[in-house]
Trainee: 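One structure follows; several queries about it will come next.
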Amino acid sequence: MSRLGDILHGLTAAVFVIAGAIYAAADWMSPRAVMDGSQMTGPFLPDMIDAEPIAASAISRLYLQPENPLMWSLLIAVWATVALDAIGQWIDPGEPDGRRVLAIRPLLLVALAAASAAPWIFPHAPGGLAALMALAATAAVLAARRGAGRQRPALGFLGGWATAVTSAGLAAVIGTRFSMPMEWVAALSILPATAFGMAAQLWIGQSIGYSAALIWAFCALAVTTMGTDPTIALAAILGIAGMASVLVRAAS
C-alpha cells in the first residue's frame, strides 16, 4: 500500500511539472493579448496601465507564464522541489506506516492536482483560477503543518507559491470589477498575501519553505512591475519585510 501511494505521488508530481511546463511554454509560442500594441515601460513588463480591464489578469498569469528570469526561476524552483520531494519519498519514505505520513500524502495530492488543473481549466478566468489555487494553497499549508520538522520543504514552498497565485487572481477579479489601475491591482495582490502568509507561517512552525516562496514571489513581482509605478515596489518591500520577520522566527 505504501508503494502504491509513492507511485501515485510520483505520477501526480510528474503531471504537475509537465502540465505547468507546457502551459508556461505555450505562452512563448503564441502572442499574448495583453502585449498587443504595447510598448515597454520597464525592463520586463509591457505597458498594462492603459490596457483593457482584462489586462488585470496579467498579474496572476505572471506566476504561470513568466516574463523574466526571476519569475522563471521561481516557477522552476517550485517544479524542482515538488519533483525532488517525490523522488525522496520513493527512495526513503521514512515512516511508511506512520500516521503523519498518511495524513500528509492525501493533502499533497489534492494540492498538486488542483495546481495542475487550475491554469488549464480557467486560463482566462482569474476568479476560477484563484478558487482552485486557494484549494491547492490550503491543502499544501495543512500538509506543511503536519510535515513540519520532517525536512520536506516542498510542502511549504508549494503552499507559498499557490498563495501568491491565489492572491493575484483575487486581485485581478477585484481590479477588473472596479476598473482599478494596474498598480493598485499589483499592490492588492501582495498585501493580503502578506497578512495571510505571516499567519500561515506562524501556524506551520519550523519550516521556512512557505515564507521563502512568498518572499521570492514578491521579489519577482516587484522586478517585473517596477517600471510601471513605485507603489508596486513599496508594496513588495512591505510584503518581503513582513514575511522575512516570520521566516527568521521559523528558522530559529
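Count residues from 1 along the sequence. Computed from a predicted model, the values in this text were never measured in an experiment.
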Trainee: Are Leu170 and Phe196 connected into the same hydrophobic cluster when the rule is that any two of I, L, V, M, F, W, Y join if their side-chain heavy atoms are below 4.5 Å apart?
Mentor: no
Trainee: Quick check: do Tyr210 and Leu247 have side-chain heavy atoms less than 4.5 Å from each other?
Mentor: no
Trainee: Please find the pair of heavy atoms, one from Ala143 and one from Leu107, that lie closest to each other, and give the distance.
Mentor: N-CD1, 3.8 Å
Trainee: Which heavy atom of Ala220 sits nearest a heavy atom of Met71, and at what distance?
Mentor: CB-SD, 3.6 Å
Trainee: Measure from the side-chain N and O atoms of Thr81 to the backbone N and O of Val78, and report whether any donor-acceptor pair falls under 3.5 Å.
Mentor: yes
Trainee: Using 0.5 Å steps for rounding, measure from the OG atom of Ser73 to the CG atom of Asn68.
Mentor: 8.0 Å
Trainee: Flag yes if Ile59 and Ile237 sit in one hydrophobic cluster, no otherwise; membership is Ile, Leu, Val, Met, Phe, Trp, Tyr, and two members link when side-chain heavy atoms are under 4.5 Å apart.
Mentor: no
Trainee: Is it the case that the side chain of Arg249 and the backbone of Leu202 share a donor-acceptor pair, with hydrogens and angles ignored and the cut-off at 3.5 Å?
Mentor: no
Trainee: For Trp184, does the CH2 atom sit with more than 12 other heavy atoms under 6.0 Å from it, leaving out its own atoms?
Mentor: no
Trainee: Is any side-chain heavy atom of Cys219 less than 4.5 Å from a side-chain heavy atom of Ile240?
Mentor: yes
Trainee: How many angstroms lie between CD in Gln151 and OG in Ser207, if you round to the nearest 0.5 Å?
Mentor: 10.0 Å
Trainee: Are Tyr23 and Trp120 an aromatic pair, judged by ring center distance below 6.0 Å?
Mentor: yes
Trainee: Got Leu75 and Trp161 here, is their nearest side-chain heavy-atom distance under 4.5 Å?
Mentor: yes
Trainee: With rounding to the nearest 0.5 angstrom, report the CG to CG distance, Leu221 to Leu74.
Mentor: 10.5 Å
Trainee: With a 4.5 Å heavy-atom cut-off, do Leu64 and Leu129 have their side chains touching?
Mentor: yes
Trainee: Is Thr166 reaching over with its side chain to a backbone N or O of Ala134, donor-acceptor style, under 3.5 angstrom?
Mentor: yes
Trainee: Heavy atoms only: give me the nearest Ala86-Gly10 pair and the separation to one decimal.
Mentor: CB-CA, 4.2 Å
Trainee: Where do Ala168 and Tyr63 come nearest, in terms of heavy atoms and distance?
Mentor: CB-CE1, 3.9 Å
Trainee: Without swapping roles, check the side chain of Ser167 against the backbone of Thr163 for a donor-acceptor pair under 3.5 Å.
Mentor: no
Trainee: Enter the distance from Asp85:CG to Arg152:CZ here, rounded to the nearest 0.5 Å.
Mentor: 4.0 Å
Trainee: Report yes if the side chains of Val141 and Trp203 come closer than 4.5 Å at any heavy-atom pair, otherwise no.
Mentor: yes
Trainee: Ser60 and Pro126: which non-hydrogen atoms are nearest, and at how many Å?
Mentor: OG-CB, 4.4 Å
Trainee: For Ser245 and Gly242, indicate whether the former's side chain and the latter's backbone hold a donor-acceptor pair under 3.5 Å.
Mentor: yes
Trainee: Which atoms form the tightest heavy-atom contact between Ala115 and Ala136, and what is the distance?
Mentor: N-CB, 3.9 Å
Trainee: Mind checking whether Val15 and Leu112 have side chains closer than 4.5 Å, heavy atoms only?
Mentor: no
Trainee: When rounded to the nearest 0.5 angstrom, what is the spacing between CZ in Phe178 and CG in Leu188?
Mentor: 10.5 Å
Trainee: Do Trp90 and Leu84 sit in the same hydrophobic cluster, where Ile, Leu, Val, Met, Phe, Trp and Tyr count as joined when their side-chain heavy atoms come under 4.5 Å apart?
Mentor: no
Trainee: Has the side chain of Gln201 got a donor or acceptor atom that lies under 3.5 Å from a matching backbone atom of Ser211?
Mentor: yes
Trainee: Would you say that Leu238 contacts Phe218 through its side chain, given a criterion of any heavy-atom pair below 4.5 Å between the two side chains?
Mentor: no
Trainee: For the hydrophobic clusters of this structure (ILVMFWY residues joined by side-chain heavy atoms under 4.5 Å, transitively), does one cluster hold both Ile208 and Val248?
Mentor: no
Trainee: With sequence neighbours excluded, tell me which residues meet side chain to side chain contact (heavy atoms under 4.5 Å, CB included) with Leu8.
Mentor: Thr12, Leu109
Trainee: Please round to the nearest 0.5 Å and tell me the distance separating atom CD1 of Ile91 and atom CG of Asp6.
Mentor: 11.0 Å
